[in-house]
Amino acid sequence: MLKTVSGFDRIGEENAFAVLAKANKLASEGMDIINLGIGQPDFQTPEHIVEAAIKALKDGHHGYTPANGTVECREAVARRTLNMTGVEVSPENIMIMPGGKVTMFAAILMFGELSAEILYPDPGFPIYRSMIEYTGATPIPVPIREENGFAFSAEETLALINENTRLLIINSPANPCGGVTPKSEIDKLVAGLEKWPNVAMMSDEIYDVMTYDGEIHQSLLAYPEIRDRLIVLNGWSKTWAMTGWRMGWSIWPDRLYENVRKLAVNAWSCVNAPSQMAGIAAIDGSQDDVTKMMQAFDNRRKLLVEKINAIPNITCATPKGAFYAFPNISKTGWKAKELASALLEKTGVATIGGPDFGILGEGYIRLSYANSEENIEKAIERIGDFLE
Ligand code: PLP
């Protein structure tokens, strides 16, 4: 028998991909599927971004680029960061990555080892826990509670930190609950971290433009006192509907930058030039398509929340960010994953069971509103009929 190192026995995955595969299979067998499971915008990448990539290919940009990204792309990210957060970041601290996920992979690899504890949101993006377990570190869930507006609590987070804590992962606006953590809570967290100078932070800000009802995303970059231990994850996937392009960026402190640059040299060499040129066009070009997409998400969000709350025994808090709702289904008498499976098999509506995002996800399902208003309405009707 081939024997791999034990980390590979512990590595997990994202069930959203398995649900997508199953939904596609059922669709190929003729079932009418409505996908509210998927975590990607249902919009095409804006035309001018696609054109920039085509031009780059035609102009002959076919070779390797620097492992940390081209200077032009890193400068574009610095401009965008200043624009979004008011904080100046040097291109020398920016890495262009093949997707947002690769930043969490790198950050968790850097701090995860047997004796380490790593804090991560639960419910949260499933790869955090999977990668923590892969490294042998102990995953410590930070509860994300409905009664707290699905924001994390600084007090609860700080109470979980001890001498073994090496990395704290936070995510706002958040997947899967759609919570946006208020500035006051982040202020408290950063103040409390003063006592723990050896704890690094990774702030996943990939949904930074995706807030509603006047909610404001508070970047962790705004706190100079933690900049020397802060990694910020961001990318093009969600904001510019570019999930398949595999384009992300991250901001690293000086002390860690060479580590991640060398990891890139060892693992993926670089991100291709046409995608980086498309990335620059995304940042510097018109944001009209982003505005239109966000308007559509906002309309769907309101529709979805209204319709789902009309189903007896389901309550759904209004999400403040990202493009997910996290209705509470505990009063239906169903276990969340069983309900998600039954909904797909019996009604053709794909959703994700809350436990796929962590232990505290029981009692909830995740609905992505990256689908048309017509489909959202139809899907909720089917869910209501099924539960009746
Ligand atoms: N972080 C969060 C919170 C996400 O929800 C996702 C994607 O769903 C990612 C990171 C990964 O983004 P990418 O597709 O660019 O790897």
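In listed order, ligands and their atoms are each counted from 1. These values consider heavy atoms only, across backbone and side chains, with no hydrogens, waters or symmetry-generated copies. If you read the sequence from its start, that first residue is 1, and numbering goes on from there.
Residue-environment remark: CD (Q44) stays at or below the threshold of 12 foreign heavy atoms within 6.0 Å.
Taking the six-membered ring for Trp and thresholds of 30 and 60 degrees, F386 and W334 have ring planes inclined between 30 and 60 degrees apart. Taking the six-membered ring where tryptophan is involved, the planes of W240 and W236 are tilted, since the angle between them lies from 30° to 60°.
Residue F297 forms a ring pair (Phe, Tyr, Trp, His ring centres under 6.0 Å) with just one option from Y207, Y212, F323, and that option is F323. Under the side-chain contact (heavy atoms from CB on, under 4.5 Å) test applied with K378, the options N371, T347, V349, I34 reduce to a single match, I34.
Between the side chains of S250 and T103, at least one donor N or O sits under 3.5 Å from an acceptor N or O.
Listed by chain and number, residues touching ligand 1 at under 4.0 Å (heavy atoms only) are G99, G100, K101, M104, F125, Y128, N171, N175, D204, I206, Y207, S237, K238, R246.
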